[in-house]
Amino acid sequence: MDIQVTRWSERAFAEGRSAWNRLLRDSQADPLFLGWEWQYSWWSVFGRRLGESLNLYAAYSGGELVGLAPLYMRRSRLRGVWPLRRLQFIGNCWQDVGTMRSEHLEFIVREAVARPVTAALLRHLRQEVGYDELVLSDIRQASETFIAANAPNRGELGYLRTSAPSSSYYIETSATFDRYLASLGKGHQKRVFKQRSRLTATGQVSVRAAPPSETVRHLELLDRLHARRWGSALFNAPRWAFNRMLISRLQQNDAVELSVLSLDEHPVSMLYLLTAGGRQYYLQGGFDEQFGRRVSLNLLHLGYLIERAFADTHIERFYLLAGGGKNTDYKQHLASGAVGITDLQFVRAPALRLAYYVYDRLAANDAKSGTAGAPPQATTEKVEQPT
């Protein structure tokens, strides 16, 4: 198979929506986080804000787009001292909490030719110059990208360091709701579904989607509810810009929902959901914590939407995504499955490879002797001699 890899310009990215999403539909890549709408909105707000350079590689075969490696370059200083050029996925700024997080990342490749196209993209990256490390963060462990990057010749990409794997949770909605409910422990059945009578006893309950014309007002309400519970705002200025841009692009497909649970017409809980490719994603939530002392308000609200997803024949999975609650890891208890994700860090600059290798060896020896914890930023599956 003859595959040519080229680099897309900013203009090609801006004008590539149709080609991008057509390829996405022919791939196994996540339809939300790797959709053009999410990726281009993220780049437009966060990439340009950080002053980074676009490194978006496209693979063609017979003149047809068969693969995309959505990457960008960030220049920074390691520990404020060491100049560093990091190539990483559009959608995340590794070890920076100021952006919107993207999950389930990978190269977007046509499923029928996933292996040779992924190999061609990685081969191109091995031959590229001008970067010190490649970070594939929140990469889906079952993806062809993850498998190929961990192949025996992975040393050609650089010295590999990996973070501890984590899980992004989902509920399979193809079965019946009653069967799903029976699979839960009694405690979670009660907190999420069976406390509804206690809720309805306090007033008239309504769960509705905010009309598109009121999107901004309800995002502001979500932000206030989140701040009361967590002590900090959900949306800083760039996150506001990103979400408003994303929503404007997705609303035309009825893919955006700001769900409001009200008691006697008073909003007490808000959930932010997006839908793509037969999947519904629960991104954020907030509730009136003063009322929530009596019942698990946000979980009850979530329960209404989970039950609705089982009744919607267009929804195949309801994604809870990564992360836990303030007091309990409720997502793990509600999920019927999980997507394994992790971070892969390939260090290629010779001096940096050696420094990380020595650091990791010392940390591994200290961990064995019980004198120190794991490295603060990443750990290795095994310590390899850098080449």
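Atoms considered below: every heavy atom in the structure, side chains included; atoms not considered: hydrogens, waters and symmetry mates.
Considering only heavy atoms from C-beta on, Leu56 stays 4.5 Å or farther from Leu71 through its side chain. With contacts defined as side-chain heavy-atom distances shorter than 4.5 Å, the pair Leu352/Tyr159 does not qualify. No side-chain heavy atom of Asn298 sits less than 4.5 Å from a side-chain heavy atom of Met270. You'll find the side chain of Leu105 stays beyond 4.5 Å of the side chain of Thr145, heavy atoms only. Using a 4.5 Å cut-off on side-chain heavy atoms (C-beta onward), Gln280 and Leu274 make no contact. Inter-residue side-chain proximity for Asp138 and His104 is flagged as unmet; no heavy-atom pair is nearer than 4.5 Å. Put simply, the side chain of Arg17 reaches to within 4.5 Å of the side chain of Arg249, judged on heavy atoms. The shortest distance between side-chain heavy atoms of Asp26 and Glu111 does not fall below 4.5 Å.
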### Task
Carefully, step by step, assess Glu172 and Arg179 under the rule salt bridge (charged side-chain N to carboxylate O under 4.0 Å, His left out).
CA-CA 11 Å; Glu172 199 75 57; Arg179 182 179 297 177; over 6 Å; no

### Query
Going through the checks in order, is the side-chain contact (heavy atoms from CB on, under 4.5 Å) test met by Glu106 and Thr118?
CA-CA 10 Å; Glu106 60 186 279; Thr118 302; over 6 Å; no

### Task
Using the side-chain contact (heavy atoms from CB on, under 4.5 Å) rule, take Val260 and His218 through it: C-alpha gap first, then chi angles, then the decisive distance, then the call.
CA-CA 8 Å; Val260 186; His218 284 84; 3.4 Å; yes

### Audit row: Arg308, Tyr304, side chain to side chain donor-acceptor pair (under 3.5 Å) steps and yes/no
CA-CA 6 Å; Arg308 187 190 65 183; Tyr304 283 110; over 6 Å; no

#### Entry: side-chain contact (heavy atoms from CB on, under 4.5 Å) evaluation trace for Tyr57 with Leu125
CA-CA 9 Å; Tyr57 301 98; Leu125 289 177; 3.7 Å; yes

### Message
side-chain contact (heavy atoms from CB on, under 4.5 Å) for Val66 and Tyr60? Distances and angles first, verdict last.
### Response
CA-CA 5 Å; Val66 292; Tyr60 292 89; 5.7 Å; no

### Message
For a salt bridge (charged side-chain N to carboxylate O under 4.0 Å, His left out) check, start with the C-alpha distance between Asp343 and Arg161, then their side-chain angles and the critical distance, and finish with the verdict.
### Response
CA-CA 8 Å; Asp343 297 343; Arg161 311 175 82 226; over 6 Å; no

### Check against side chain to side chain donor-acceptor pair (under 3.5 Å), Asp2 and Gln4
CA-CA 7 Å; Asp2 184 31; Gln4 298 83 39; 2.5 Å; yes

### Task
In sequence, state the C-alpha distance, the side-chain angles, and the governing distance for Glu214 and Arg217, and then conclude on salt bridge (charged side-chain N to carboxylate O under 4.0 Å, His left out).
CA-CA 5 Å; Glu214 297 181 13; Arg217 183 171 71 84; 2.7 Å; yes

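In this structure, Tyr282 has its ring center at least 6.0 angstrom away from the ring center of Tyr319. Checked against the 6.0 Å centroid threshold, Phe146 and Phe107 do not count as a close aromatic pair. For Tyr40 and Phe13, the ring centers sit closer than 6.0 Å to each other. Between Tyr281 and Phe318, the gap from one ring centroid to the other reaches at least 6.0 Å. Residues Trp43 and Phe242 keep their aromatic ring centres 6.0 Å or farther apart.
Between atom CZ of residue Arg101 and atom CG of residue Leu321 there is a gap of 8.5 Å, rounded to the nearest 0.5 Å. Distance check, rounded to the nearest 0.5 Å: CD1 of Ile247 to CD of Glu257 gives 12.0 Å. The distance from the OG1 atom of Thr275 to the CD1 atom of Ile315 is 4.5 Å, given to the nearest 0.5 Å. Atom CD of residue Glu15 and atom CD of residue Glu10 lie 12.0 Å apart, to the nearest 0.5 angstrom. Atom CD of residue Glu144 and atom CG of residue Leu122 lie 9.5 Å apart, to the nearest 0.5 angstrom. Here the CD-CD distance, from Gln189 to Gln195, works out to 12.5 Å after rounding to the nearest 0.5 Å.
Environment of CZ in Arg115: sparse, with no more than 12 heavy atoms of neighbouring residues, nucleotides or ligands closer than 6.0 Å. Heavy-atom contacts from other residues, nucleotides or ligands closer than 6.0 Å to CD of Gln127 number more than 12. Atom CD of Glu265 is surrounded by 12 or fewer heavy atoms from other residues, nucleotides or ligands within 6.0 Å. By the 6.0 Å contact criterion, CZ on Arg208 is enclosed, its count of non-hydrogen atoms from other residues, nucleotides or ligands being greater than 12.
The closest donor-acceptor contact from the side chain of Arg239 to the backbone of Thr99 lies under 3.5 Å. For the pair Ser27 (side chain) and Ala29 (backbone), a donor-acceptor distance under 3.5 Å is present. With Tyr180 contributing its side chain and Leu334 its backbone, the two residues share a donor-acceptor pair below 3.5 Å. Judged purely by atom type and a 3.5 angstrom limit, Ser9 uses its side chain to pair as donor or acceptor with the backbone of Ala12. Put simply, the side chain of Lys331 gets close to the backbone of Leu320: a donor and an acceptor are under 3.5 Å apart. Between the side chain of Gln88 and the backbone N or O of Trp94, at least one donor-acceptor pair lies under 3.5 Å. Checked by atom type and distance alone, the side chain of Ser41 never pairs as donor or acceptor with a backbone atom of Trp38 at under 3.5 Å. Between the side chain of Ser259 and the main chain of Ala209, no donor-acceptor pair closer than 3.5 Å is present. Side chain of Thr342 to main chain of Ser163: a donor-acceptor pair is present (N/O by atom type, distance under 3.5 Å, no hydrogens or angles). Checked by atom type and distance alone, the side chain of Asp30 pairs as donor or acceptor with a backbone atom of Phe33 at under 3.5 Å.
A donor-acceptor contact closer than 3.5 angstrom is absent between the side chains of Ser102 and Gln39. Asp312 and His314 share a side-chain donor-acceptor pair at under 3.5 Å. Checking Arg317 against Tyr170 by side-chain atom types alone, a donor-acceptor pair falls below 3.5 Å. For the residue pair Asn55 and Tyr131, no side-chain donor N or O sits within less than 3.5 Å of a side-chain acceptor on the partner. Side-chain atoms of Glu103 and Ser168 form a donor-acceptor pair, as typed in the model, at a separation below 3.5 Å. Checked by atom type, the side-chain pair Gln251/Asn253 shows no donor-acceptor distance below 3.5 Å.
The ring pair (Phe, Tyr, Trp, His ring centres under 6.0 Å) test with Trp42 singles out one residue from Phe89, Tyr72, Trp36, and that residue is Tyr72. Screening Arg353, Arg74, Arg86, Arg85 against Asp132 for a salt bridge (charged side-chain N to carboxylate O under 4.0 Å, His left out) leaves a single residue, Arg85.
Judged by the 6.0 Å and 45° rule, Arg244 forms no cation-pi pair with Phe235.
Residues Val216 and Leu225 fall into different hydrophobic clusters, defined by Ile, Leu, Val, Met, Phe, Trp and Tyr side chains chained together at heavy-atom separations under 4.5 Å. When hydrophobic clusters are built by joining Ile, Leu, Val, Met, Phe, Trp and Tyr residues whose side-chain heavy atoms come closer than 4.5 Å, directly or via intermediates, Ile147 is not grouped with Val135.
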